[in-house]
Amino acid sequence: MALSLSGCASWSLWPKGDESGPQRVAGMLERGDRHWTLRACGQEHDRLLQPTPELRRLFDDVGQPGQQSMFAELEVAEEDGRWIVRKTHRVQSTGRGCMDSSAAASQWVGFSFDPAWRVDITAQGMRLTSEDAESGRQLSMISEQMPDGVLGFRGVQDQGLELWLYPSGCIDRSTGDYYHLSAVLVRDGQRLRGCGYQGGEM
C-alpha cells in the first residue's frame with residue numbers, strides 16, 4: 001500500500017492574514033553562499049530568510065551531501081522585508097513538497113513508514129490509515145491537552161486506539177526528514193512510534 005505521508009504543502013493561501021504577525025509558510029528553502037531564501041508554495045518569487053541555529057543544523061542533518069534546497073514548513077515573522085524564522089515545523093529532502101496536499105483538511109497528523117500507519121485528526125474525528133482491514137475507519141474522538149503540551153486523542157467508543165503527539169522534534173527513520181512532533185500510536189495495547197506535524201485545518 002502506498003501512503004502519502006510527506007505532508008501538506010500545496011496551500012497557496014499561505015502566507016495569509018496579517019503579514020506583520022507570526023505566520024506559517026511552506027515552500028522551497030534554499031541555502032545560498034551569502035543568503036537563505038524561501039519560495040512559498042504558489043508564489044513566483046523568493047523571499048529573504050533569516051534562519052535559526054536549529055534550522056541551520058537541521059538543513060545539514062536532513063540534506064544529502066551538496067544539497068542546497070529542500071522543502072520546509074516554517075513559522076515566521078516579517079521584519080525589514082524578510083522573514084525571521086521563529087519555529088521549524090518540517091524539513092524534508094524527500095516527498096512531493098508543494099504538490100502534496102494530503103493534510104490540508106487535517107488538524108494534526110501522526111505517521112510511520114515502518115510499520116506503515118497514519119492517523120489524521122480532523123473536525124470529523126480520527127481517521128486511521130494502515131496496511132490491514134481496519135484502514136480508513138473514522139472514529140469519533142475525545143481530545144485532551146496536557147500542561148506540558150502533549151496532545152492526546154482517543155476513540156469515544158473504541159478505547160483500543162489512541163494517538164499521542166509530543167512537542168519534541170522527530171527524525172523519521174525511513175527518510176531522514178524532520179518533523180516538529182513525535183508521535184505514539186497505541187493500538188490494542190501495542191505502542192508504535194512515529195513522527196507528527198500540524199495540519200492545515202486549524
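- Under the rule for a salt bridge (charged side-chain N to carboxylate O under 4.0 Å, His left out), the partners of Arg57 that lie at least two apart in sequence or sit in another chain are Asp61.
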> Yes or no on side chain to side chain contact (heavy atoms under 4.5 Å, CB included) for Ser93 and Phe71, after CA distance, side-chain angles and deciding distance?
Replying inline: CA-CA 6 Å; Ser93 64; Phe71 176 78; over 6 Å; no
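- Evaluation of the side chain to side chain contact (heavy atoms under 4.5 Å, CB included) rule for Gln68 yields Arg31 as partners, not counting sequence neighbours.
- Under the side-chain hydrogen bond (donor to acceptor under 3.5 Å, both in side chains) criterion, Thr175 pairs with Asp172, Asp177, sequence neighbours left out.
- Nearest heavy-atom pair across Ala183 and Cys195 is CB-O, 3.4 Å.
- What you find for Cys98 and Gly27 is that their closest heavy atoms are SG-CA, 4.0 Å.
- Pairing each heavy atom of Gly155 with each of Met126, the nearest pair is N-SD, 3.8 Å.
- Taken to the nearest 0.5 Å, the CH2 atom of Trp83 stands 8.0 Å off from the CG atom of Leu49.
- Under the 3.5 Å distance criterion, with hydrogens and angles disregarded, a donor-acceptor pair is assigned to the side chains of Ser168 and Ser182.
- Hydrophobic clustering (side-chain heavy atoms under 4.5 Å, transitive across Ile, Leu, Val, Met, Phe, Trp, Tyr) keeps Ile84 apart from Val91.
- Between the side chains of Asp100 and Ser102, at least one donor N or O lies within less than 3.5 Å of an accepting N or O.
- One N or O on the side chain of Gln67 and one on the backbone of Ser69 form a donor-acceptor pair closer than 3.5 Å.
- You'll find the side chain of Val25 reaches within 4.5 Å of the side chain of Leu38, heavy atoms only.
- Using a cut-off of 4.0 Å between Lys/Arg side-chain N and Asp/Glu carboxylate O, Glu73 and Lys87 are scored as not salt-bridged.
- Under the rule for a side-chain hydrogen bond (donor to acceptor under 3.5 Å, both in side chains), the partners of Arg82 that lie at least two apart in sequence or sit in another chain are Gln50.
- Partners of Pro167 under the side chain to side chain contact (heavy atoms under 4.5 Å, CB included) rule, at least two apart in sequence or in another chain, are Val150.
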>> Leu192 vs Trp117, test: side chain to side chain contact (heavy atoms under 4.5 Å, CB included). Steps then yes/no.
In response: CA-CA 9 Å; Leu192 303 173; Trp117 60 264; 3.6 Å; yes
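- If you take CG on Leu29 and CZ on Arg39, they are separated by 13.0 Å, rounding to the nearest 0.5 Å.
- Leu128 contributes atom CG, which lies 10.0 Å from atom CG of Leu163 (distance to the nearest 0.5 angstrom).
- Across all non-hydrogen atoms, the minimal contact from Pro22 to Glu75 is CB-OE2, 4.1 Å.
- Although no hydrogens or angles enter the test, the distance criterion places no donor-acceptor pair under 3.5 Å between the side chain of Arg173 and the main chain of Gly194.
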>> Before you tell me yes or no, could you show the steps for Val62 and Met70 under side chain to side chain contact (heavy atoms under 4.5 Å, CB included), namely the whole-Å CA-CA distance, both residues' side-chain angles and the distance that decides it to 0.1 Å?
In response: CA-CA 9 Å; Val62 173; Met70 66 184 74; 3.9 Å; yes
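- Residues satisfying the side-chain hydrogen bond (donor to acceptor under 3.5 Å, both in side chains) criterion with Thr88, sequence neighbours excluded, are absent altogether.
- Thr37 pairs by the side chain to side chain contact (heavy atoms under 4.5 Å, CB included) definition with Glu30, Asp46, Leu48, not counting sequence neighbours.
- Considering all non-hydrogen atoms of both residues, Met141 and Ile121 come closest at CE-CG2, 3.4 Å.
- Remark: of the listed residues Tyr197, Trp108, Tyr166, Tyr197 is the sole one forming a ring pair (Phe, Tyr, Trp, His ring centres under 6.0 Å) with Tyr179.
- Side-chain atoms of Arg24 come within 3.5 Å of backbone atoms of Gln198 as a donor-acceptor pair (strictly under, hydrogens ignored).
- Heavy atoms only, all atoms of each residue included: Gly110 and Leu165 are closest at CA-CD2, 4.4 Å.
- With Thr52 contributing its side chain and Leu55 its backbone, the two residues share a donor-acceptor pair below 3.5 Å.
- Residues satisfying the salt bridge (charged side-chain N to carboxylate O under 4.0 Å, His left out) criterion with Glu144, sequence neighbours excluded, are Arg154.
- With sequence neighbours left out, the side chain to side chain contact (heavy atoms under 4.5 Å, CB included) criterion links Arg56 to Trp36, Pro51.
- No donor-acceptor pair under 3.5 Å is formed between the side chain of Ser106 and the backbone N or O of Val109.
- Of the inter-residue distances, the one linking Tyr178 atom OH with His89 atom NE2 reads 9.0 Å to the nearest 0.5 angstrom.
- Rounding to the nearest 0.5 Å places CZ of Arg86 at 11.5 Å from CD of Gln23.
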>> As a quick check of understanding, evaluate side chain to side chain contact (heavy atoms under 4.5 Å, CB included) for Trp164 and Val186, giving each step before the final call.
In response: CA-CA 8 Å; Trp164 294 91; Val186 181; 4.1 Å; yes
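- With contacts defined as side-chain heavy-atom distances shorter than 4.5 Å, the pair Leu161/Leu185 qualifies.
- The closest side-chain heavy-atom distance from His180 to Cys170 is not below 4.5 Å.
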